Amino acid sequence: MQTLEGLFPGNSGKLLVARIILRYSMPELARIPRDRALDPELVQRLLRYKRELSGGAS
């Protein structure tokens, strides 16, 4: 079970989620509680976006 807090821990994680919301037009992320289990497909997309924002290959 993955959560936003697990994928993006702490304050820097919240900032990264905000960047994903803006860059990838995903305002629904702002309404998801940070401790709620995420859909596996959404987890994969978020991990890909996280890699892209950190400069990693996609």
Side-chain angles (χ1 to χ4, degrees):
M1 170 182 92
Q2 294 283 348
T3 64
L4 282 176
E5 184 61 38
L7 293 174
F8 305 97
N11 288 332
S12 61
K14 289 178 184 179
L15 181 61
L16 191 51
V17 170
R19 290 180 63 199
I20 289 172
I21 288 169
L22 294 172
R23 174 171 251 171
Y24 299 101
S25 301
M26 297 183 72
E28 66 275 9
L29 286 181
R31 293 186 290 274
I32 297 174
R34 292 187 53 80
D35 60 349
R36 179 180 291 167
L38 300 174
D39 177 62
E41 182 180 317
L42 177 58
V43 169
Q44 292 306 312
R45 286 176 53 203
L46 291 174
L47 290 173
R48 186 175 73 235
Y49 296 157
K50 186 176 181 180
R51 276 194 312 271
E52 289 173 6
L53 288 176
S54 68
S58 52

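On a predicted model such as this, the values are computed, not experimentally measured, just so you know. Quick note: numbers below take in every heavy atom, side chains included, and nothing from hydrogens, waters or symmetry partners. We number each residue from 1, following the sequence as shown.
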Is there a donor-acceptor pair under 3.5 Å between the side chain of Q2 and the backbone N or O of A37?
no
Could you walk me through whether Y24 and R19 pass the side-chain contact (heavy atoms from CB on, under 4.5 Å) test, one step at a time?
CA-CA 8 Å; Y24 299 101; R19 290 180 63 199; over 6 Å; no
Can you tell me how far CZ of R51 sits from CG of L47, rounded to the nearest 0.5 angstrom?
6.5 Å
Spatial distance of atom OG1 (T3) from atom CZ (R36) [nearest 0.5 Å]:
11.5 Å
Looking only at heavy atoms, which two atoms of S12 and P9 are closest? And how far apart?
OG-O, 3.9 Å
What are the two closest non-hydrogen atoms of L29 and I21, and how far apart are they?
CB-CG1, 3.7 Å
Measuring only between side-chain heavy atoms, which start at C-beta, is L42 closer than 4.5 Å to I32?
yes
Could you tell me if the side chain of E52 sits less than 4.5 Å from the side chain of R23, heavy atoms only?
no
Is the number of heavy atoms from other residues, nucleotides or ligands within 6.0 Å of CD (E41) greater than 12?
no
Does the side chain of L7 reach to within under 4.5 Å of the side chain of V17, using non-hydrogen atoms?
no
Does any N or O in the side chain of R48 come within less than 3.5 Å of the main-chain N or O of V43, such that one atom is a donor and the other an acceptor?
no
Enter the distance from L38:CG to Q44:CD here, rounded to the nearest 0.5 Å.
11.5 Å
Cation-pi, F8 ring and K14 (6.0 angstrom, 45 degrees)
no
